[in-house]
Each structure stands twice: as structure tokens, then as C-alpha cells.
There are 2 protein chains.
Amino acid sequence: MQEVANSTADSKDNFASQVMGQLKQDILTGYFKPGEKLRMARLKERYQVGISPLREALSQLLIEQLVIVENQRGFRVHPISKEEMLDIYETRAYIEALCINLAIERGDDEWEAGILAAAHKMRKFSTLLEKEPHEWERRHQAFHSAIAEGCQSPTLLHVRRSLYEKASRYRNLWLKKNMLDSQIFDANQKEHDSLIDALLNHDAGKARELIREHLLSPSRTLLTTEGFE
Amino acid sequence: MQEVANSTADSKDNFASQVMGQLKQDILTGYFKPGEKLRMARLKERYQVGISPLREALSQLLIEQLVIVENQRGFRVHPISKEEMLDIYETRAYIEALCINLAIERGDDEWEAGILAAAHKMRKFSTLLEKEPHEWERRHQAFHSAIAEGCQSPTLLHVRRSLYEKASRYRNLWLKKNMLDSQIFDANQKEHDSLIDALLNHDAGKARELIREHLLSPSRTLLTTEGFE
DNA sequence: AATTACAATAATGTCGACATTTTACTCTTT
DNA sequence: AAAGAGTAAAATGTCGACATTATTGTAATT
């Protein structure tokens, strides 16, 4: 069992927080498979901490529904299902549309500038998509976050982030197979451009429609992929 | 320091889960005040468990943002603020409106029947409002849940529940002062009746408007109450 | 008298150990 | 050979103890 580099560790946080982040990544990226049993001995070895911080980290992921617990039978990675995926993506589309609606109402010049800046950083990286998919994913997410943050509601953005993380499990399982499909990717880029246009024109109805399509198309593609049920 | 009765303890769950529920109640009801320090010795005494389950329970509430943690300085109850309250209520109004919108689209006869049943149980209890406010609160919540559950989306309902719990902290601080204001209460009852009408008529626009008013009026009243800032 | 340095107290974060429960395996019986 | 009981092994859940860090109180110095 290989250990994991502790590069992103925040030395100000306690072990539990650090392990929580690493464990979350390992689940989201698929290192730990859906439904897989999380044995303490193995986790101890991987993250190099004792049982107490591990249980704390797992408890936190429990609330986010990334792991499940059966009494006296330890923890497992939350299983995936077609139904849950559709439900998450659907809900996420509604929440994202809500964020955008409010952002168009409330957003100021700084908001618009932030969107264009994030879009630029994303486009600049599009040629490196295949080389560093992780960084591209980060910039893609930053772009959409820049849009949503215009709603200026911490509570709503917290909900949004939680749904994003849950969805990324499914997306990561999908990306591995469809990462190199440049046709899908180009369509994606065009959708981004249309979305920016709608936002700058304060066309809320159009923006809602675009973001819904943008978010839901991956879930439809994912449905046709093998490995479910 | 008094101990707390362990009546609702699910013997199937581990200590951490049980303590989590009790601690959540104690925070929501205001037994532990906003910003108050949660010393381990005191919690140990109150819930009669060791440190490990306590830390697990606190870790779970951490994600739900009901407690905060400062490294090496223990846990505190999440502080309250006027801004956060308004943000939570506002977000909650949007989410609830979304649930209702979907419920009207998707709801069937069973959904309508469930609403009427819950409304009946709530009305039957209205005379006991002052005697058993806790049970009335439960039925009121059950009524609104019956409506929202028509959206048939576990993910969206999970979000809704989380926001409801955060809001109830503020509501509980408020209820103690306004519980006996029968004028407000009567208006509340009328709002429920209008809402049911709109739902059964599948009038989504009207229902959205009503639920928004129903949810936001407490937060406006709460704003005029002392004890903030 | 106020401020800083220092010491004592208290509280937190982590680990290993123990008891309990679950799981796996073997041996017996039909 | 298959099924079931009994036993051995492994994993979990909880607790107390220890080291580290923060807080409080006191004394000394300017």
C-alpha cells in the first residue's frame, strides 16, 4: 500500500481536517471505489495517523454522504447508482440556475470582470487538457464558481459546493473514459461562450436554459456508459 | 450540570450518532448559546460518554456548520448574526419554492392526500400550541415536509432539511418571545389554508409567492427583536 | 501603576490498549 | 457432498493516559 504525499496539508489544521481532505479526494477521484470497505488498518497505513483522527474524518464525510456507516461493521464508500446520479445532477442544475439568476440580479462590474478573467485562464489552458486534466478541471470549476459567486449568498454557495463535490465522483468516473473526446470538449467550450454572452446581456432566461443544458449533458452521456446498475 | 435523558437513543447506532443528535438539539434549542465554548469535560458529564464519541459528534456538526473549531482551542457553537440569518432564510425560501414547484409538477393523488392529512393533524393541535409548543412545531414541520416531499428528489430534500435545521436555531431564539402572539399565529394558519388551495389548484406561481411570504415573515419579525448585533 | 516575563493550571489532540462484535474457517453430521 | 455449529481470527467502538498547546494568574521591572 503506497503512502500519499502530504503536500497540501494545512499545518494549522489538526490531523482530522487534513485526513478529511485527502480522504475526500481519494473518494472523489475513485481511488477508493464506490461501496468499498474502508478498513481502519489500511487507512492508518495510507494516511499515517492513528484511529481517532480517522474516525473524525470519516464522521465528517458521513454528513456529506460520501461514506456510510453500519454499526459495528465499520465504514464503506457511499455506493453509486444511476438514480442518485440523475438526482444529484438534476438538483445541481436547479441550484446553479438559481445562483445565476440571483447573480444577474445582484452582480456588479467586478462580478463581470471576474467571469472574463476566469474564462481567460480556462481558455489558455484548453490545449493542455490532455496533459494536465486535473488543472484544467480546477480552472473549469473556478470559471463556474466565478459566475455563481455573483449571487452573494454564502449559504446558497455552500449548498452549491456540496452538490458539486458529490457530482464530481460521478464525473471523475466518467472523465477517465471520455477525457479525450475532443468533439464533446469543443461543444463544451462553445456553451461557455454562449453562457458568457447571456450573462453580460443580463438575459436570465437564456442563461438558465444554457446552464441547465451544460450541466445535464454529461449526466446523459454518463448514462450510456457501462459500469452502472 | 444536569444530565440529559437518553429517551430517543437509537440503541442500534453508536454513541457518536446518539450524542450527535442530542448535541444538535441542545444547540438548536439554545441550551448551548451561540458562540459558547464547548468544553470537553462539560460535554462528557452531560452526555455520559468518553472523549472519542464526543469528537466524532462535533466533527459531524462541523460540516453542518452548527459548531466551529479553532485548532488547539477546542470547539464553539457557531455564532449567529443578522446577516447569516437573513441569508439562511432567503436561501431557504428559494429552495422551498423550488421544492413546491417540482412537487406541483410531479405530485400525484397520494401527495395531495398526504398534505391534507398533515394539515389536519396540525389544525387539531392548534389549541394546544401554548401547552406543547414542541409537538406543535413537529406537526407544523411535518405539514411543510409533506408538501416538499412531492418533489421526489432525495438530494433536494436533504438540502432542504439542512437549511431547515440551521434556520430553527434562529426560530427557537425567536419563538420564546413570540410564541404567545396569537395574532401572528392566526395569520400563519390563514397562510397555510391559502397555500393548500394553491397547491390543489396546481397554481405554481401563487404557491411560490405564498411560501416565500410564509417563510420570510418570521425573519423580518426577528429582525426587530432585541439581542442581535 | 502599567506592562512584560514567567510559572502554574487547564484544556486539547493523539495514540495505544481492551472489550465486544462480526467474519472466516474448520470440523462434524446428515 | 452440503449444511450447520462451533471455534479462531480480525475488525470495530470506546476509554484512559500522555504529550502538546493555550490560558490564567503572579511577580518583577521600568
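Just so you know, these numbers use all the heavy atoms, side chains as well, and skip hydrogens, waters and symmetry mates. So that the names make sense, note that chain A is the first sequence line, chain B the second, and so on, each numbered from 1.
Protein atom NZ of A:Lys44 is 12 Å distant from nucleotide atom C1' of C:dT14, rounded to whole Å. Remark: C1' of D:dA22 and CD of B:Glu70 are 11 Å apart, rounded to the nearest angstrom. Between the OH atom of B:Tyr47 and the C1' atom of D:dG13 there is a distance of 20 Å, rounded to whole Å. B:Phe15 places its CZ atom 18 Å from the P atom of D:dT12, with the value rounded to the nearest Å. Rounded to whole Å, the distance from CG on A:Leu62 to C1' on D:dT12 is 15 Å. Per the geometry, CD belonging to A:Glu56 stands 11 Å off P belonging to C:dC15, to the nearest Å. Rounded to whole angstrom, the span from the CG atom of A:Leu54 across to the P atom of D:dT12 amounts to 10 Å. Taking atom CG on B:Leu43 and atom P on C:dG13, their separation rounds to 12 Å, with Å as the unit.
Side-chain atoms of B:Met40 lie closest to C:dT12 of the nucleotides C:dT12, C:dG13, C:dT14. For A:Ser52, whose side chain is taken as the heavy atoms from C-beta onward, the closest listed nucleotide among C:dT14, C:dC15, D:dC15 is C:dC15. Nearest to the side-chain atoms of A:Gln72 among the listed nucleotides D:dC15, C:dT14, C:dT21 stands C:dT21. Among the nucleotides D:dT14, D:dG16, C:dC15, the one closest to any side-chain atom of A:Arg55 is D:dT14. Between C:dC15, D:dG13, C:dG13, one nucleotide has an atom nearer to the side chain of A:Asn71 than all others, and that is D:dG13.
Map A:Pro53 and B:Gly74 each onto its nearest nucleotide of DNA chain C; the residue landing nearer the 5' end is B:Gly74.
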Checking side chain to side chain contact (heavy atoms under 4.5 Å, CB included) for the pair B:Val67/B:Arg76: CA distance, chi angles, key distance, verdict?
CA-CA 6 Å; B:Val67 304; B:Arg76 309 187 83 88; over 6 Å; no
Taking it one step at a time, do B:Arg212 and B:Glu96 satisfy salt bridge (charged side-chain N to carboxylate O under 4.0 Å, His left out)?
CA-CA 8 Å; B:Arg212 182 171 176 83; B:Glu96 195 82 22; over 6 Å; no
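Within 4.0 Å of A:Leu38, counting heavy atoms only, lie sugar-phosphate atoms of the nucleic acid but no base atom. Using a 4.0 Å heavy-atom cutoff across all strands shown, B:Leu58 reaches no nucleic acid atom at all.
Under 4.0 angstrom from either OP1 or OP2 of D:dT12 there lies at least one side-chain N or O belonging to A:Lys37. OP1 or OP2 of C:dA11 has at least one side-chain nitrogen or oxygen of B:Arg39 nearer than 4.0 Å. Phosphate proximity of C:dT21 to A:Arg73: absent, as no side-chain N or O sits under 4.0 Å from OP1 or OP2.
A donor-acceptor pair shorter than 3.5 Å cannot be found between the side chains of A:Glu56 and A:Ser52. Residues A:Arg46 and A:Tyr31 bring a donor and an acceptor atom of their side chains to less than 3.5 Å of each other.
When side chains are defined from C-beta on, B:Phe143 does not count as touching B:His120, because their heavy atoms never get closer than 4.5 Å.
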